[in-house]
Amino acid sequence: MSDTAKQTPSVPQAEKPWNGRFTEPTDAFVEAFTASVTFDQRMYQQDIDGSLAHAKMLAHVGVLSTAERDSIIKGLEQIRAKIAAGEFNWSIKLEDVHMNIEAALTDLIGITGKKLHTGRSRNDQVATDIRLYLRTEIDHILAEILRLQTALIVLAEREADTIMPGFTHLQTAQPVTFGHHMLAWFENLERDRSRFIDCRKRVNIMPLGAAALAGTTYPIDREFSARELGFEGICENSLDAVSDRDFAIELTADAALLMTHLSRFSEELVLWASAQFNFVELSDSFCTGSSIMPQKKNPDVPELVRGKTGRVNGHLISLLTLMKGQPLAYNKDNQEDKEPLFDTIDTLKGSLKVYADMMQHVSVNKEAMREAAIRGFSTATDLADYLVRAGVPFRDAHEVVGKAVRLGVESKRDLAELSLQELQQFSTQIQEDVFEVLTLEGSVSARNHLGGTAPEQVRAAVKRARERISS
Ligand code: ARG
């Protein structure tokens with residue numbers, strides 16, 4: 001945990017707020033079973049920000065005096081500093097981050113602390129906290145996506161002319177440029193980025209004011225609170241406000257898709273870094289060795305990212321399942337939203353960070369990629385297109401080239417290494433100029449249109465990509 005100063009809950013001093021209604025104490029196991037403070041304390045900043053806005057709003061509408069408001073503000077800021085310093089005693093008896101902070105406030109400033117909860121409930125409080133927390137995290141995620149996209153753009157520009165085999169079915173298909181391949185992943189991330197930007201709009205809506213479920217009898221000013229907290233909108237319906245977790249599901253779905261993209265990319269890097277492909281070398285600082293086999297350099301980072309995709313996909317299913325049986329409005333089930341969400345965010349941010357760093361240090365083995373492209377008859381389609389230009393119907397051209405490839409396979413030669421006479425035995429339309437289209441450079445340069453793999457197009461796409469991420 002990065003900024004949460006997490007602590008083991010200690011023996012509590014404070015009383016439970018609902019003691020009035022109860023005659024027996026909570027069973028010790030139930031207390032631990034129902035508590036969320038061990039994990040929701042990570043939202044302490046947002047909980048305090050929400051309480052500050054609420055107290056200011058209550059003073060603004062005359063429910064609290066300005067002296068009471070100021071005392072609450074001062075107390076909450078002291079508590080914030082104490083938590084940040086790791087000096088706060090979290091109590092499991094006080095169940096969650098909300099009641100821990102409220103009880104600490106009353107300990108600190110006395111009776112005024114008990115007035116903070118006027119006109120609100122933990123139900124609208126927790127929904128507000130999560131939204132504030134996710135809003136901040138989305139901004140971090142967006143920044144990391146951009147860092148990775150930038151690394152890919154730099155790599156694409158550097159390797160705009162580098163030729164590799166392009167694959168379908170993991171069989172060599174046609175030559176492509178390495179830069180073009182990197183920009184394909186850029187596009188995946190660009191869609192991810194736009195999904196997170198869009199998700200943020202629905203996260204940044206304020207539930208506060210819905211109270212437990214029906215609203216409150218106090219003359220609250222929700223626009224005031226929303227302005228204080230930087231919310232772009234206010235939840236229109238109090239029942240929906242406390243029970244909606246669509247935004248959490250949506251964020252997790254976006255994260256699962258992004259992780260799925262990184263997982264696919266990882267699969268390529270793992271293959272490419274193998275001795276069999278030898279297309280790329282990952283920097284030593286992103287690999288580990290084997291404790292028994294001295295020759296090994298393992299691509300642990302992409303492997304782990306590929307593996308971690310599973311848990312994020314799992315969290316998406318957890319959250320969907322969490323919500324599917326819930327009637328309106330708030331149910332305690334909702335407390336189960338936090339751990340999957342938090343782990344999703346940690347996993348996604350970690351994966352993006354390590355990827356952005358790793359992709360800045362990838363070296364490319366041009367020779368190995370070139371050889372692989374030649375070995376795989378990757379210009380066969382170009383020969384077919386050549387015949388079509390000479391008037392041969394495509395299906396016939398396909399057959400001619402198939403025969404030429406068979407000769408190449410049998411004699412262990414690439415198409416460009418066959419002689420003109422050998423080629424002409426399959427079609428008399430083949431002339432001396434055929435060798436121009438059989439080169440890898442000729443093949444990639446010929447695909448010179450928007451979205452094509454030609455180096456010229458890659459450079460133009462790099463330029464556009466830079467503009468797209470800076471607007
Ligand atoms: N810890 C709770 C949660 O995470 C806070 C809201 C509890 N509200 C209630 N009425 N028990 O959802």
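In listed order, ligands and their atoms are each counted from 1. Quick note: numbers below take in every heavy atom, side chains included, and nothing from hydrogens, waters or symmetry partners. Sequence positions, counted from 1, serve as the residue numbers for this chain.
Side-chain rings of W272 and F265 stay apart, their centers remaining 6.0 Å or farther from each other.
Residue N123 has at least one nitrogen or oxygen atom sitting less than 3.5 Å from a nitrogen or oxygen atom of ligand 1, judged on distance alone. No N or O atom of R245 sits closer than 3.5 Å to an N or O atom of ligand 1. Between D96 and ligand 1, an N or O atom pair is found at a separation short of 3.5 Å.
Scanning both residues, A255 and L348, for their nearest heavy atoms gives CB-CD2, 3.8 Å.
For the residue pair T112 and S71, no side-chain donor N or O sits within less than 3.5 Å of a side-chain acceptor on the partner.
Nearest protein neighbour of atom 7 (C) of ligand 1, counting heavy atoms only, is Y330 OH, 3.5 Å. The closest protein non-hydrogen atom to atom 11 (N) of ligand 1 is R122 NH2, 3.4 Å.
Under the 30°/60° scheme for interplanar angles, the aromatic rings of F22 and W18 are found to be tilted.
Here the rule is side-chain contact (heavy atoms from CB on, under 4.5 Å) with W90, and of T38, I83, D40 only I83 fits it.
For ligand 1, the atoms sitting less than 4.0 Å from at least one non-hydrogen atom of S36 are 1 (N), numbered in the order shown with element in parentheses. Interface of Q335 with ligand 1, defined as ligand atoms under 4.0 Å from a residue heavy atom, comprises 1 (N), 2 (C), 3 (C), 4 (O), 12 (O). Near K338, meaning under 4.0 Å from one of its heavy atoms, ligand 1 places the atoms 3 (C), 4 (O), 12 (O).
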Handout entry: E159/K366 under side chain to side chain contact (heavy atoms under 4.5 Å, CB included): CA gap, chis, key distance, verdict
Key = CA-CA 9 Å; E159 309 293 342; K366 295 186 210 284; 2.9 Å; yes
